[in-house]
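Read the numbers this way: they start at 1 and go in the same order the structure lists the ligands and their atoms.
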Amino acid sequence: MKPTPSELEAWDRDVVWHGFTPMAEYEPLVIDRAEGCTLIDVNGRRLLDGVSSLWCNVHGHRHPKIDAAVREQLDKIAHCTSLGMGNSTTAALARRLVDVTPEGLEHVFFASDGASSVEAALKMAFQYWRQRSDPRPQKTKFVALGEAYHGDTIGSVSVGGIDLFHDLFRPLLFEVLRLPVPDTYRLPAGVAAGEACDFYTGQVEELLASRHEEIAALVVEPLVQGAAGMIMQPQGYLRRLRELTRQYDILLIADEVATGFGRTGTMFACEQEEVAPDLMCLGKGLTGGYLAMSTTLASDEVFQAFDGTYADLKHFFHGHTYGGNPLAAAAALATLKVFDEEDTLASLPEKIACVQEHLVRIAELRHVGSARQRGLMVGIELVADRATREPFPWQERRAAQACRAAIEQGVWLRPLGDVIIVMPPLAMSIEELDQVMLAAEQGIVAATAA
Ligand SMILES: *Cc1c(COP(=O)(O)O)cnc(C)c1O
């Protein structure tokens, strides 16, 4: 017997343990299927997917070409290991990834989640300094940004800087050198907007100059700190990080898990500041939002330090059961193919401008402190007082109220603190984008009326 919608909702509430979800007040919303950018729940309710199923959907759900690629792969093999053997689809994907990513990234390590790709990057950086031809084993520390988010495993939480998520676990974590968050909305007193880049990169230089002997790598979310609430870095900041990490002989890890695959308007955020990192983490949009896959790309220089025989004991002692999964690789290859065939990147400027037009209007609302955007990454921050940037009491959960109201308008949004996140699939049409932005606006009006 097929379970009824209400049975499914009960199991979803009582048995499934949802991440980042207060279960005592969770109201089940059980998605059964999708069409394009629309999610459909077990009761047939239709909701536009305004956050790309948590920032990972790219070309819409059930894209015929990606669906076909996964089906075709099923007729070959669903999974084989990448430890000591390879797979034809995965090898072809690795080759493509080297082509599309910034210059110098030539080796691709596969895992399943963004957090694992960061975890691998951290361990690679650590091991690199011990066994490169001119070893520097004292370089063991990592630099990360305030409000950083790199995933939820212990290593990636260690470099994370969001107190609400991470503070509780501090006793379990390794120590990290923390830079202030390069926030362009809440600038330190006395710093003008035009001085922000110099101000923040000055702090970076100070830290690197004094501690570089012990620093293995600096990890950064390029251009936008997503989970922090879409905090936008000043222009030139990333570029300067690259210059400084070169100058002080520190590896640069670019965590493009959120920003990768067209999100910021270019294929990768690093491109906008012409930055080539030593290690790059990809996840989320890699498979178009279809299957769990992530990668850590490494420069040849990093890779060379690991390139040895068994007797050398230099290889990377790390690997995941499903790393390089062929089904996921097929979805990823098809995702990249669709970027080419549908000229996805060329379609973005019009969509980005459409969202921007809405944001100009939304920014005028009485309780909108900041309506910020980079490509199709948007954060609308609600504040009690625009002049002082005074937040609402956090218990009021105004952004969550706004998102709940948006659901009534047929749009699924998910907030981060007092920030309403809009992160539509790149495939979303102008008409759908209009609907998403209008729902966000009406939600904000409803949530800030009293
Ligand atoms: C989402 C995210 C991660 C973690 O990815 P998971 O697949 O959820 O483990 C890491 N880094 C950034 C920048 C992210 O946005």
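- Nearest residue to atom 7 (O) of ligand 1 from Ala258, Ser112, Gly114 is Gly114 (criterion: closest heavy atom).
- Classification of the Tyr149-Phe20 ring pair by plane angle, with boundaries at 30° and 60°, yields perpendicular.
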Could you walk me through whether Arg263 and Ser52 pass side-chain hydrogen bond (donor to acceptor under 3.5 Å, both in side chains), step by step? CA-CA 11 Å; Arg263 261 298 139 203; Ser52 298; 2.8 Å; yes
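- Ring geometry for His107 against Phe303 counts as parallel: the plane angle stays under 30°, on a 0 to 90° scale with 60° as the upper cut.
- Listed by atom number, the atoms of ligand 1 under 4.0 Å from Gly151 heavy atoms are 4 (C), 10 (C).
- Using bins of under 30°, 30° to 60° and over 60° for the plane-to-plane angle, the ring pair Phe316/His318 lands in the parallel bin.
- If you check which protein heavy atom lies closest to atom 9 (O) of ligand 1, you get Ala115 N, 2.8 Å.
- In this pair, Phe268 and Phe261 present their aromatic rings perpendicular. The plane angle is above 60°, beyond the 30 to 60° band.
- If you check each of Gln225, Lys284, His150 against atom 14 (C) of ligand 1, the one with the closest non-hydrogen atom is Lys284.
- At a 4.0 Å heavy-atom cut-off, ligand 1 touches Val257 through the side chain alone.
- There is a protein heavy atom less than 4.0 angstrom from atom 11 (N) of ligand 1.
- Counting non-hydrogen atoms of other residues, nucleotides and ligands closer than 6.0 Å to CD of Glu357 gives a total of 12 or fewer.
- At a 3.5 angstrom cut-off on N or O pairs, Asp255 counts as close to ligand 1.
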